[in-house]
Amino acid sequence: MSGIPLGVLDLVPVASGSTAAEALTNSIDLARRTEEFGYTRYWFAEHHLNPGVAGTSPAVVLALTASATTTIRLGSGAVQLGHRTALSTVEEFGLIDALHPGRLDLGLGRSAGPPQRRRPEEPGGEPVPVAPLAPGTPVIDGYAPNGLRIPDRFSFAHLLGHPRVALQQKLLNLPGAQPQDYSEQVDDVLALLRGEYRTPEGVEAHAVPGEGADVQVWILGSSGGVSAETAGRNGLRFAANYHVSPATVLEAAEGYRAAFKPSAELDRPYVTVSADVVVAEDDETARELATGYAPWVRSIRTAEGAIPYPTPAEARALPWSEEDRKLVADRVETRFVGSARTVADHLERLREATGADELLITTITHRHADRVRSYRLLAEEWQRRG
């Protein structure tokens, strides 16, 4: 029995036949309900040009949600720094913290773009070496020893140069703008929050509101590379994305721990790991509710943009091929679907394999009531085990 906290990651999904306004209303309601169920934090993801996702601005949505909740921590999972500045990010969260102090998690992520430079102090500009898997956790035939599914790595090479990906970058960035190095940008965020920002010439900058804001800074990452190293070097909390990149979750967690240096905020590494789940009263019902997931993931991985989340019947009516199955196999195989007991068993394996201090749960179903029930059933089972 783990007894570790559970949090929520919400993409603000738009169901087929529904609207963005209804999706936002449902997400705020879900935050209220999960607060009642005992979840410790509620994060909003950032996605753009996706008809089936309304979470385009985590700061705006969490500001709305903060006024509707009282105790649950609220945050971004994650703010994508590639197309914004450190100052705008700190000022936005500073505004919210001014009215809702001590409740915010500032999760920072990397958006798609050019490869990041290594920091100059790294010898030869080479990546920091990390173990490919967590120590003592070998993967054999696609499974960790405790039964956790670790699929083959998924390649996004087919999206390089895709017109829709290029269009998103064009619309998110000012003409001619060059994204700042990610590690340097995180350093700037931290300096602004601490009131320590100085230019090389000694000019100070003070973000008000923002400076001194009581926020927890997290780094989100899917591998043991730049994000994990940046989190570890700064002694920050780290979120590893099993639900996005299950093949590299062990590498991500171990890369972070290998790079970790104690900070004023943390004296040891602290990791949350995300998981995509659907819980119902029994396994069969849960599998039915999860039917729309595969075509929804396919729409994302073809760069079509997330479609409005289909009903089970709509999903079954969509054309499907062997190529489609391969495109989404790693995500479908690593989604935890079933009764509360079944899903909790899977989550225990995920916690054991990654050494997670928390788990971050994301659930999407067509009907809002099914999503609320999924979170409730899981919370009840988890509390029994704690």
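When a residue number appears, it is its place in the shown sequence, counting from 1.
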Inset, instruction - Name the orientation class of the two ring planes belonging to F156 and H158 (parallel below 30°, tilted from 30 to 60°, perpendicular beyond 60°). - result: parallel

Inset, instruction - Determine the interplanar angle of the F336 and H346 rings, folded into 0 to 90°, and report it as parallel if under 30°, tilted if 30 to 60°, perpendicular if over 60°. - result: parallel

Inset, instruction - Would you indicate whether the side-chain heavy atoms of E211 and L193 approach each other to under 4.5 Å? - result: no

Inset, instruction - List the steps, then state whether side-chain contact (heavy atoms from CB on, under 4.5 Å) holds for E358 with T40. - result: CA-CA 9 Å; E358 298 186 22; T40 59; 4.0 Å; yes

Could you tell me whether the side chains of [X] and [Y] share a donor-acceptor contact shorter than 3.5 Å?
X: H206; Y: E204; value: yes
X: S16; Y: E314; value: yes
X: D283; Y: T342; value: yes
X: T19; Y: E22; value: yes
X: W43; Y: D105; value: yes
X: T248; Y: S245; value: yes
X: Y293; Y: D276; value: yes
X: T70; Y: R103; value: no
X: S263; Y: E265; value: no

Legend entry - Flag if over 12 foreign heavy atoms under 6.0 Å of CG, L171: yes

Between [Y] and [X], is there a salt bridge with N-O shorter than 4.0 Å?
X: D181; Y: R110; result: no
X: E322; Y: R325; result: yes
X: K326; Y: E323; result: no
X: R153; Y: E251; result: yes
X: R84; Y: E46; result: no
X: R385; Y: D345; result: yes
X: E352; Y: R349; result: no
X: K261; Y: D267; result: no
X: D357; Y: R268; result: yes
X: E281; Y: R373; result: yes

Inset, instruction - Determine, stepwise, if the pair Q180 / D188 fulfils side chain to side chain donor-acceptor pair (under 3.5 Å). - result: CA-CA 10 Å; Q180 185 181 3; D188 286 351; 2.8 Å; yes

Examine distances only and state if a side-chain atom of [X] and a backbone atom of [Y] form a donor-acceptor pair shorter than 3.5 Å.
X: N173; Y: Q169; answer: yes
X: E35; Y: I72; answer: yes
X: N146; Y: L148; answer: yes
X: T363; Y: V277; answer: yes

Legend entry - Stepwise side-chain contact (heavy atoms from CB on, under 4.5 Å) check, N50 with V14: CA-CA 10 Å; N50 287 278; V14 180; over 6 Å; no

Report, one line per pair, each donor and acceptor closer than 3.5 Å where one atom sits in a side chain of residues 214-222; sequence neighbours left out.
residue, atom, partner, partner atom, Å
Q216, OE1, W218, NE1, 3.2
S222, OG, N241, ND2, 3.3

Inset, instruction - Under the salt bridge (charged side-chain N to carboxylate O under 4.0 Å, His left out) rule, collect the residues that match up with E36, sequence neighbours excluded. - result: R33

Legend entry - R233 to F260, cation-pi by 6.0 Å centre distance and 45° axis angle: no

Legend entry - Centroid-centroid distance, Y39 to Y375, less than 6.0 Å: yes

Legend entry - V273 vs L360, side-chain contact (heavy atoms from CB on, under 4.5 Å): CA-CA, chis, key distance, verdict: CA-CA 6 Å; V273 178; L360 195 63; over 6 Å; no

Inset, instruction - Assess whether side-chain contact (heavy atoms from CB on, under 4.5 Å) is satisfied between R335 and V278, documenting all intermediate values. - result: CA-CA 8 Å; R335 195 184 199 198; V278 174; 3.3 Å; yes

